[in-house]
Amino acid sequence: MNFDANIPGGPLDAKWDRHLADLRLVSPANKRKFHVIVVGSGLAGASAAASLAELGYRVSCFCFQDSPRRAHSIAAQGGINAAKNYQNDGDSAWRLFFDTIKGGDFRSREANVYRLAQVSANIIDQCVAQGVPFAREYGGMLANRSFGGAQVSRTFYARGQTGQQLLLGAYQALERMVGRGSITMYPRHEMLELVIVNGRARGIVARDLVSGEMESFVGDAVVLATGGYGNVFFLSTNAKGCNVTAAYRAYKQGAGFANPCFTQIHPTCIPVSGEYQSKLTLMSESLRNDGRVWVPKAPGDARASQNIPEPERDYYLERKYPAFGNLAPRDIASRAAKEACDDGRGVGPGGRGVYLDFASAIQRLGEPTIRDRYGNLFEMYERITGENPYRTPMRIYPAAHYTMGGLWVDYNLMSTLPGLHVVGEANFSDHGANRLGASALMQGLADGYFILPYTIGDYLAGARLEAVDASHASFRAAEQRATARLDRLLAIDGARSVDSFYKELGHVMWNECGMTRNREGLQRALRRIPEIRSEFWENVKVPGAAATLNQSLEKAGRVADFLEFGELVCLDALQREESCGGHFRTEFQTADGEALRDDAHFAHVAVWEYQGTDQAPVRHVEPLDFEFVKLATRSYK
Amino acid sequence: MRLTLKVWRQAGPADRGGFRTYQAHDVSEHMSFLEMLDVVNEDLLATAEEPIAFDHDCREGICGTCALMINGMPHGPKHATTTCQLHMRSFHDGDTITIEPWRARAFPVLRDLVVDRSSFDRIISAGGFVTAPTGSAQDANAILVPKDQSDLAMDAAACIGCGACVAACPNGSAMLFTAAKVVHLALLPQGQPERSRRVLAMVHQMDAEAFGGCTLFGECEAACPKEITIENIMRMNRDLMRATLRDRGDREAEALA
């Protein structure tokens, strides 16, 4: 496996410009000869598809949803970071870069992160030009707010629906190119196989989810923009359809998978209410700007919140992290909530919750201001819980939310498989071991609008691609693999539902590989997951047929992949014998319970290479060189 | 609680379809409507019947995928709430609940409660955008936008494209959906150059997709989970009239502007 990250030389702030000057170009007349397959239509996929089509490439774009506008980027609430320094508070590309590297606990590549910070400003310009209605001040200028892990206000937002507005901007750009005939959109299509011809990614096999038909699509390059794998935990804030299938099938074809154990648990979600729970709902991190997190000081204190006097409350984030207080980064805030609940001080049913209290903000700013800032979030909370957060504090608890790990990519966003590019949450590149709030939207759009469109041209200009069509043996074989797998799932006709296996996997993942991990638990998980998997393949019941719209079959295929992939996540967590960011190994912590990194042995990217069914994958290492920042212990105290 | 469900079942686009009745036991008031259906589907596994197909994804009210007609109301009885955010505390023990797909000529049923809403994408594709190719933008603060105008644009832009407005309309009209996008972009300076072209193209496409005409029943506004107001239709009609007349080179249009 080739792990040359292709990072250009020179000073940090000149690398990208220099690289742009060196990238090969495809002439306008030749661009239309190239066909690019983009899988996924979220921020990264839609922006990439639109931008590539605008450049003149022929693009096919696939999504499993009924419309590209529904990709899960739409659910991002809080905002998007950009180093505009409109607030004159001393922000710069360097500062955004440094916050991101530090927030990621020094487990990401300097060059990639710096580039992300550099292009962040262009993203805001682009989105405003598309008509994204960002929040504004009375003077007509754009408004900003602050977010976790930063001491400047650099977050742009559109009420609590920033992801929606950014995605609709990208979706509209995509639909414009659909109207002009340069993008062919395939909604309700699910990629099931990546096709490799002579060592290069040349296409995909996708299933039409309405007719059930299996089809091959041939291209000159493939772009995966298929999001993260947070649903490996079953309960997460991800949409129900989010899955690892496309990325995992690419891994099985030889693409390296980087840092799968780097998963993010978001501190502010609505707690689980019962066994039937199907997903968890995020309450935007922006709420921590004005909400104060607390639990009772005494374990087992069952009084209602209003009956607990001030001196008997523990505002534990403010106490432990006075510099950042309630705006401590996500991994830290999540673990602190878990500790409080493990101490028996949790609130609400089952004791798995902490308060997020707006009483002092309402007193200070008045209810109308709070309503203006968070009205839609408060309404959503009330719809789900039946409680009014203007009167009683919200109850929140951490939930799986985002995955920093993903398919390995180089500086050009190309995976270890030539021709396979990976953008957005699906790649591993920019967030290290922990992502800062409002940085996912930034990265998705940076990749799709401002990085991939340049770097893919370099690949296409340099690749000598032979003419291939869907009758090629590799495509036929991939179609057969995909069809055989579905037939096998349908033929089992066992006694248990797909969801029962999925929940079982989710419990194991959450308990053994969630907010905290340790050797014993991970080893337990690594024994248990193969057992669940083998029972799945013997005893699952998937009703219906392959040649129709069959939602049970879709889900079964995705869960089957999670049952393999979950093992890889645990394996990676076991082998990374340090704590960093969202990966907290209880064996590796400081005296006061903070993450203890081991830079001497683990300042690297772990990249997993598939070796075949029932073979242990091989762990490779890409060392991380810190040339421009000094490795330091993160402190938010 | 214990509920009786009358659910529309249809094997495929060509099938005639019909209602089937199911019993739901042990329904908790804290369940969402879709979680209740998940439980019904788990129970169906033990029978020869296939699970009920329904569209859903984010389950937090923003993706616009879920689309159920519940007791004749799109997204059910609760104001400004999508199906996925509707909780069973809105119902009572012993209730009979009728569940249907969106009914509209432009939204053909694919299976059970799943419909094809790609006509919405084609309306956007016809003109629901600002032509701003990647890389061509100037600094974001170079053009000022008054806050109240930007807020109004955001009100319209909040549309999630679920189609409840069409399902609620006796004419099956997509006016509210189309107007929301037209008005969002017409209120912003960035949307001005294509303002006339946009409204003409989108309304033309809406008609071509066999959506009905608007006779201002107002059902759409009542059904909209994002509280998009009918005022947007007035604003779009004004733009449409001006654009249509201008298209004919009419001087009256200039006066209207």
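The sequence lines fix the lettering, A, B, ..., with proteins before strands; numbering per chain opens at 1.
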statement: Closest non-hydrogen atoms of B/Leu45 and A/Lys541, given as atom of the first, atom of the second and distance, are O-NZ, 2.7 Å
message: Distance alone, cut at 3.5 Å: any donor-acceptor contact between the side chains of B/Glu60 and A/Thr281?
response: no
query: For B/Ala53, is it the side chain, the backbone, both, or neither that has a heavy atom closer than 4.5 Å to a heavy atom of chain A?
result: both
field: Closest-packed option against chain B by number of heavy-atom pairs under 4.5 Å, given A/Ala143, A/Ala173, A/Ala75, A/Gly169
entry: A/Ala75
task: Verify, without hydrogens or angle tests, whether A/Gln164 (side chain) and B/Ala158 (backbone) share a donor-acceptor contact under 3.5 angstrom.
output: yes
query: Heavy-atom distance under 4.5 Å between the side chains of B/Asp121 and A/Tyr171, does that happen here?
result: yes
task: Say whether B/Asp26 and A/Tyr276, considering side chains only, have a donor N or O and an acceptor N or O under 3.5 Å apart.
output: no
field: Residue, of A/Gly179, A/Ser278, A/Pro543, that accumulates the most heavy atom pairs under 4.5 Å with chain B
entry: A/Ser278
query: Which region of B/Val39, side chain (C-beta onward) or backbone (N, CA, C, O), has a non-hydrogen atom less than 4.5 Å from a non-hydrogen atom of chain A, or is it both or neither?
result: side chain
message: With a 4.5 angstrom heavy-atom cut-off, is it the side chain or the backbone of B/Leu34 that approaches chain A, or both, or neither?
response: neither
field: Any donor-acceptor pair under 3.5 Å from A/Lys279 side chain to B/Arg59 backbone
entry: no
statement: Honestly, the part of B/Ser28 sitting under 4.5 Å from a heavy atom of chain A is side chain
query: Between A/Gln161, A/Gln172, A/Lys240, A/Arg70, which shows the greatest number of heavy-atom pairs under 4.5 Å with chain B?
result: A/Arg70
- prompt: Does any heavy atom of chain B fall under 4.5 Å from the side chain of A/Ser552, the backbone, both, or neither of them?
  reply: side chain
field: A/Arg188 (side chain) donor-acceptor with B/Asp116 (main chain) under 3.5 angstrom
entry: no
Heavy-atom contact with chain A under 4.5 Å, split by part of B/Gln138: backbone
task: Please state whether the side chain, the backbone, both or neither of B/Ile123 comes within less than 4.5 Å of a heavy atom of chain A.
output: neither
task: Spell out, as yes or no, whether a donor-acceptor pair under 3.5 Å connects the side chain of A/Arg159 to the backbone of B/Asp151.
output: yes
message: Less than 4.5 Å to any heavy atom of chain A: does that hold for the side chain of B/Ser90, its backbone, both, or neither?
response: neither
query: So among A/Leu209, A/Val210, A/Asp66, which one has a side-chain contact (heavy atoms from CB on, under 4.5 Å) with B/Leu110?
result: A/Val210
- prompt: Is atom CD of B/Gln23 surrounded by more than 12 heavy atoms (other residues, nucleotides or ligands) closer than 6.0 Å?
  reply: yes
- line: Cut-off 4.5 Å, heavy atoms of chain A, and the answer for B/Val115 is backbone
field: Interface moiety of B/His87 toward chain A, non-hydrogen atoms closer than 4.5 Å
entry: side chain
- prompt: Hey, is the main chain of B/Thr134 close enough, under 3.5 Å, to the side chain of A/Glu54 for a donor-acceptor pair?
  reply: yes
task: Determine the option with the most heavy-atom pairs under 4.5 angstrom with chain B, choosing from A/Gly241, A/Ser73, A/Ser497, A/Pro68.
output: A/Ser497
- request: Measure distances from B/Asp148 to the heavy atoms of chain A and classify the residue's part below 4.5 Å as side chain, backbone, both or neither.
  value: neither
message: Tell me the closest heavy-atom pair linking B/Arg89 and A/Ile384, and the distance in Å.
response: NH2-O, 2.9 Å
- prompt: Do any N or O atoms from the side chain of B/Asp57 and from the backbone of A/Ala239 form a donor-acceptor pair under 3.5 angstrom?
  reply: no
task: Give, as side chain, backbone, both or neither, the part of B/Thr82 having an atom under 4.5 angstrom from any heavy atom of chain A.
output: neither
- prompt: Measuring heavy-atom distances to chain B, does A/Ser273 have an atom under 4.5 Å in its side chain, in its backbone, in both, or in neither?
  reply: side chain
message: I need the residue from A/Glu137, A/Met141, A/Gln65, A/Gln277 with the largest number of non-hydrogen atom pairs under 4.5 Å to chain B.
response: A/Met141
query: Are the side chains of A/Lys84 and B/Asn141 in touch, meaning some heavy atoms are under 4.5 Å apart?
result: no
task: Can you tell which part of B/Asp38 gets under 4.5 Å to a heavy atom of chain A, answering side chain, backbone, both or neither?
output: side chain
- prompt: Under the 3.5 angstrom rule, does the side chain of B/Gln190 hit a backbone N or O of A/Val132 as a donor-acceptor pair?
  reply: no
- request: Count the heavy atoms belonging to other residues, nucleotides or ligands that lie under 6.0 Å from NE2 of B/His25, then report whether that count exceeds 12.
  value: yes
query: Taking B/Ser125 for the side chain and A/Glu175 for the main chain, is one N or O donor matched with an acceptor at less than 3.5 Å?
result: yes
